[in-house]
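Both ligands and their constituent atoms are indexed starting at 1 by order of listing.
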Amino acid sequence: MLEKVHSPDYLRTLVQSWRKEGYSVALVPTMGALHEGHLELVRLAARHADKVIVSIFVNPAQFAAHEDFGTYPRTLEDDIAKLRYEPAHAVYAPDAGTMYPEGFDCTLIPGGPARELESVARPHFFAGVALVVTKLFMQTGADFAVFGEKDYQQLKVVEQLVRDLDIPIQIIPAPVFREPDGLARSSRNVYLSEMDRKHAPGLYTVLQQLSREIAGGRPPLEALSHGMELLQSTGFEVDYLEMRHAETLIPLPLYNAPARLLVAARLGATRLIDNIAVAEG
Ligand code: AMP
């Protein structure tokens with residue numbers, strides 16, 4: 001049975017009742033508008049724990065004033081309908097006033113992998129993410145939390161946050177779930193115009209090509225500057241295209257450690273992000 005939960009108190013009671021039965025608990029934090037990529041996270045969570053909580057909360061703390069907080073798709077009833085067919089046991093959908101009540105005044109500023117990349121265009125983003133995931137971890141007391149590699153920098157920020165604050169939760173990464181043409185699934189893909197949707201898979205095609213080239217010995221800086229030209233020639237406005245250490249996300253000028261390529265680029269008004277491991281194949 002899928003329980004709908006709005007209050008942290010009821011959530012705690014529910015989790016306590018599970019604990020009494022000896023069940024382990026996994027959390028899948030989302031902002032809703034659930035697609036197949038999110039559902040894959042739910043299925044992965046259920047392979048690790050007996051009970052799965054899916055949180056749905058469009059977190060105001062991680063949006064800047066000019067971003068799409070007001071228009072971000074909110075489809076709670078549809079989301080719940082989708083989860084009924086999945087191994088999910090509770091949907092936790094608090095409102096903003098519950099998460100950030102009158103007088104709330106706390107800031108968490110993650111460093112390390114939170115520096116640069118997404119933080120250049122979105123300076124407050126990871127502070128907002130760190131705050132909300134810490135609250136969700138405390139409220140659920142979950143043993144596991146699943147995060148998608150789609151948001152690779154976010155995954156690394158959360159892993160470090162859990163280490164730095166000694167939060168007793170294990171972070172489980174989930175691979176990027178893609179459309180058949182390679183475009184990473186995202187709730188924001190609905191913003192793409194028909195023409196931009198046709199061009200969007202080019203982002204992943206270029207990442208795949210760069211990954212092979214760099215793994216095959218092409219100097220990374222040369223490969224990346226060629227990749228940048230390829231993206232620009234197909235209409236992308238590139239915020240960044242970089243190779244970073246796969247764990248620390250520090251810049252990696254040479255391919256001499258586990259590496260990840262990360263990109264953010266705009267097509268029209270839609271900003272897409274993607275990433276890939278540097279590997280042959
Ligand atoms: P969001 O609702 O966009 O905040 O995403 C919630 C979680 O789902 C995050 O951990 C995302 O990384 C993950 N996620 C979203 N889209 C995908 C995807 N296409 N593949 C894998 N994970 C995803």
Side-chain angles (χ1 to χ4, degrees), residues 26-48 52-63 67-69 71-76 78-80 82-83 86 88 91-94 96 99 110 113-114 117-118 122 125-137 140 142 144-162 169-192 197 200-201 203-204 207 249 260 262-264 270-277:
L27 168 69
V28 181
T30 81
M31 297 202 302
L34 300 183
H35 52 66
E36 196 59 30
H38 294 116
L39 301 181
E40 284 291 327
L41 266 59
V42 174
R43 293 165 199 153
L44 181 60
R47 291 205 284 276
H48 284 82
V52 174
I53 303 170
V54 179
S55 64
I56 297 183
F57 180 61
V58 184
N59 176 32
Q62 71 192 59
F63 286 79
E67 291 180 338
D68 57 347
F69 177 70
T71 54
Y72 194 86
R74 287 166 174 84
T75 56
L76 185 59
D78 283 0
D79 292 344
I80 290 172
K82 285 180 189 161
L83 290 171
E86 301 298 332
V91 174
Y92 176 47
M99 291 298 267
L117 302 170
E118 282 302 286
R122 315 178 75 188
F125 177 68
F126 288 118
V129 168
L131 192 58
V132 80
V133 300
T134 303
K135 286 185 68 98
L136 291 169
F137 293 167
T140 59
F144 304 93
V146 182
F147 285 82
E149 289 184 343
K150 155 83 179 17
D151 301 278
Y152 192 80
Q153 189 179 8
Q154 170 173 280
L155 168 68
K156 295 297 142 188
V157 169
V158 172
E159 285 175 349
Q160 170 136 11
L161 180 78
V162 162
I169 194 166
Q170 187 183 327
I171 304 302
I172 299 165
V176 185
F177 188 85
R178 299 180 180 282
E179 301 282 2
D181 62 11
L183 176 64
R185 288 295 299 258
S186 163
S187 309
R188 290 189 167 101
N189 289 351
V190 296
Y191 299 153
L192 288 165
R197 175 65 189 81
L203 199 60
Y204 184 51
L207 284 181
L249 297 189
R260 200 91 188 175
L262 299 111
V263 67
T270 311
R271 188 166 181 279
L272 302 173
I273 61 171
D274 206 343
N275 67 88
I276 193 171

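- For the pair G148 and ligand 1, the shortest N or O to N or O distance falls below 3.5 Å.
- For the pair R271 and A264, the tightest heavy-atom approach, listed with the atom from each and the gap, is NH2-CB, 3.5 Å.
- Neither the backbone nor the side chain of S186 comes within contact range of ligand 1; no heavy atom lies under 4.0 Å.
- Remark: R260 engages E149 in a salt bridge, criterion side-chain N to carboxylate O under 4.0 Å.
- Judged by distance alone, the side chain of K135 and the main-chain N or O of M99 form a donor-acceptor pair under 3.5 Å.
- Between K150 and ligand 1, a contact under 3.5 Å exists for no N or O pair.
- When atom types are taken as modelled, the side chain of D79 and the backbone of L34 share a donor-acceptor pair closer than 3.5 angstrom.
- The proximity of A33 to ligand 1, defined as any non-hydrogen pair under 4.0 Å, does not occur for either the backbone or the side chain.
- Residue-to-ligand polar distances place D151 within reach of ligand 1: an N/O pair is separated by less than 3.5 Å.
- Here R178 has no heavy atoms under 4.0 Å from ligand 1, in either its backbone or its side chain.
- Close contacts between ligand 1 and V176 involve ligand atoms 20 (N), 21 (C) [criterion: under 4.0 Å to a heavy atom].
- Any N or O atom pair closer than 3.5 Å counts here, and R185 shares at least one such pair with ligand 1.
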Practice task
Check the pair L272, N189 against side chain to side chain contact (heavy atoms under 4.5 Å, CB included), reporting the backbone distance first and the verdict last.
Solution key: CA-CA 8 Å; L272 302 173; N189 289 351; 3.8 Å; yes

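- For atom 1 (P) of ligand 1, the closest heavy atom belonging to the protein is H38 NE2, 3.7 Å.
- For ligand 1, the atoms closer than 4.0 angstrom to any heavy atom of P29 are 6 (C), 7 (C).
- Under a 4.0 angstrom heavy-atom cut-off, R188 registers as lying outside contact with ligand 1.
- Checked by atom type and distance alone, the side chain of D181 pairs as donor or acceptor with a backbone atom of L183 at under 3.5 Å.
- The shortest N or O to N or O distance between F177 and ligand 1 is below 3.5 Å.
- At least one donor-acceptor pair closer than 3.5 Å links the side chain of H38 to the backbone N or O of H35.
- At a 4.0 Å heavy-atom cut-off, ligand 1 does not touch E149 at all.
- Neither the backbone nor the side chain of V28 comes within 4.0 Å of ligand 1, counting heavy atoms alone.
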Exercise for the section: Dump the intermediate steps for salt bridge (Lys or Arg N to Asp or Glu O under 4.0 Å) on R43 and E36, then the final yes or no. Expected result: CA-CA 10 Å; R43 293 165 199 153; E36 196 59 30; 2.7 Å; yes

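- Judged as a salt bridge (Lys or Arg N to Asp or Glu O under 4.0 Å), and not counting sequence neighbours, the contacts of R185 are E179.
- For atom 4 (O) of ligand 1, the nearest non-hydrogen atom of the protein is M31 CG, 3.6 Å.
- Any N or O atom pair closer than 3.5 Å counts here, and L41 shares no such pair with ligand 1.
- Contact of the D274 side chain with the R178 side chain is registered, since non-hydrogen atoms from C-beta on lie closer than 4.5 Å.
- For Q153 (side chain) and P113 (main-chain N/O), a donor-acceptor pair under 3.5 Å exists by modelled atom type.
- Close contacts between ligand 1 and P175 involve ligand atoms 20 (N), 21 (C) [criterion: under 4.0 Å to a heavy atom].
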